[in-house]
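Have a look at the structure below, then the notes.
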Amino acid sequence: MRIAVTGSIATDHLLTFPGRFGEQLIEGELDKVSLSFLADELDVRRGGVAANIAFGLGALGLRPLLVGAVGRDFAEYGRLLAAHGVDTGSVHVSETRHTARFICTTDADQNQIGTFYAGAMSEARHIALAPVRDRAGGLDLVLVSPNDPEAMLRHTREAAALGVAFSADPSQQLARLGRDEVRLLLRGPRHLFTNAYEAQLVQERTGWTERQVLDRVGTWVITRGADGVRILAAGRPAVDVAAVPADGPVEPTGAGDAFRAGFLAALARADDPVRAARLGAALATTALESVGPQAYTLDGPPLLARIADAYGPEAAADLEPEVKAVRPAESAVGAEPS
């Protein structure tokens, strides 16, 4: 399955605050917040939604096409992704801007406050999908994930014009998009990915009810953290898929991206959203147990055992072909920057 993953490519600066954000907020004073959090730890990691998803797809043995814009400082990052099975031939390199930066602080309750600097990502609007399709010999799916807003709209329109199926993952950019823009992104995607909060935000932004959204999308996949995943489709009852329990402390950055990678990888073999959600949940929990969205490695037998523990031996046997395709650990992207 030839999947083009469009979206952000960035470097993540992840800080850990030992307290709780809520304890620093004063009721009735939230309209003039001025806060500084003293972080105990800083990790600098490779990230960006599209790159994270492409990384996960590569870890599962696929060869996704990464489509986004970066600065000249991307050279080493690009080589590492390519070594991991990601096709970076459609990545645009800016002559003047740095690769995007995501700065995120996580508190003791795993709440997060983040700021994203677009940098070279603003040039993603100049990337056309037709040359990507032609270079790949065709595309089966385009994922439109958070990116420069104009790029998201362009890639949605172009996928439809080219007759290529697409999936919508607006997530963080819902805060930047207007009503008409969000409605355009939901013009016939095969899948819509959101978390539980974003599911409400989609309805607020579009002015549509849940049913009206479902009339326009194929399958709506809502991730709910430890509460698992809810799968919605018009005319069908909601289906809940439990989360895969984590072993030990977790760091949430990139878990949703890993879920999407697992979900899409499973769809490459069978159009079954429940089995896809199970593989996605297993990959998400694996990512949760590492600091940084691309710090995890996959090993087939333990991953299969994790799926069996969560969903039973039949579910594990059903997903065995996807797990067998996992790239060996020695082929994984190397150590993260310090």
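This one's a predicted model, so the numbers in the text were calculated from it and none came from an experiment.
Of the charged side-chain nitrogens involved, at least one lies within less than 4.0 Å of a carboxylate oxygen, so that Arg101 and Asp73 count as a salt-bridged pair.
For the residue pair Ala234 and Asp215, the shortest heavy atom distance occurs at CB-OD1, 4.3 Å. Minimum heavy-atom separation, Val132 to Ser90: CG2-OG, 3.5 Å. What you find for Gly207 and Gln212 is that their closest heavy atoms are O-OE1, 4.1 Å.
Cluster membership for Leu65 and Met1, using ILVMFWY side-chain heavy atoms within less than 4.5 angstrom, is not shared. By the rule that hydrophobic residues join a cluster once side-chain heavy atoms approach within less than 4.5 Å of another member, Val164 and Leu143 end up as members of separate clusters. The cluster map of Ile, Leu, Val, Met, Phe, Trp and Tyr, joined by side-chain heavy atoms under 4.5 Å apart, puts Leu153 and Leu162 in the same cluster. By the rule that hydrophobic residues join a cluster once side-chain heavy atoms approach within less than 4.5 Å of another member, Ile53 and Leu298 end up as members of one cluster. A continuous path of hydrophobic side-chain contacts links Leu267 to Leu60 [ILVMFWY only; heavy atoms under 4.5 Å].
Sorted by first then second residue, the side-chain hydrogen bond (donor to acceptor under 3.5 Å, both in side chains) pairs that include residues 17-27, not counting sequence neighbours, are Arg20-Asp109. Within the structure, the side-chain hydrogen bond (donor to acceptor under 3.5 Å, both in side chains) test picks out the following pairs touching residues 234-243 (sequence neighbours left out): Arg224-Asp240, Arg230-Asp240.
The number of heavy atoms from other shown groups lying within 6.0 Å of CZ (Arg135) is above 12. Shown here is Arg190, whose CZ atom has no more than 12 heavy atoms of other residues, nucleotides or ligands within 6.0 Å.
Using cut-offs of 30° and 60° for the angle between ring planes, the Phe55 and His84 rings count as parallel. Ring geometry for Tyr77 against Phe74 counts as tilted: the plane angle lies between 30° and 60°, on a 0 to 90° scale.
Grouping Ile, Leu, Val, Met, Phe, Trp and Tyr residues whose side-chain heavy atoms lie under 4.5 Å apart, directly or via other members, leaves Ile26 alone, with no other cluster members.
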I would like to know whether Glu95 and Arg72 meet side chain to side chain contact (heavy atoms under 4.5 Å, CB included); could you show each step before the answer? CA-CA 7 Å; Glu95 293 294 325; Arg72 289 185 174 181; 2.2 Å; yes

Can you check side-chain hydrogen bond (donor to acceptor under 3.5 Å, both in side chains) on Arg306 and Thr285, steps first, answer last? CA-CA 10 Å; Arg306 168 164 266 176; Thr285 297; 5.7 Å; no

What verdict does the ring-ring contact (aromatic ring centres under 6.0 Å, His included) test give for Tyr117 and His98, after you've listed the backbone C-alpha separation in whole Å, the side-chain angles of each residue and the deciding distance to 0.1 Å? CA-CA 10 Å; Tyr117 162 69; His98 290 290; 7.9 Å; no

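Between the Arg275 side chain and the Asp318 main chain, a donor and an acceptor come within less than 3.5 Å of each other. A donor-acceptor pair under 3.5 Å links the side-chain atoms of Arg183 to the main chain of Thr206, judged by distance alone. Not a single donor-acceptor pair under 3.5 Å links the side chain of Arg45 to the backbone N or O of Ala295. Although no hydrogens or angles enter the test, the distance criterion places no donor-acceptor pair under 3.5 Å between the side chain of Ser94 and the main chain of Gly71. Judged purely by atom type and a 3.5 angstrom limit, Arg216 has no side-chain atom pairing as donor or acceptor with the backbone of Gly188. For the pair Asp148 (side chain) and Glu150 (backbone), a donor-acceptor distance under 3.5 Å is present.
His92 places none of its side-chain heavy atoms less than 4.5 Å from the side chain of His126. Residues Tyr311 and Val241 have side chains in contact (heavy-atom distance under 4.5 Å, counting atoms from C-beta outward). Between Ile307 and Val244 there is no side-chain heavy-atom pair separated by less than 4.5 Å.
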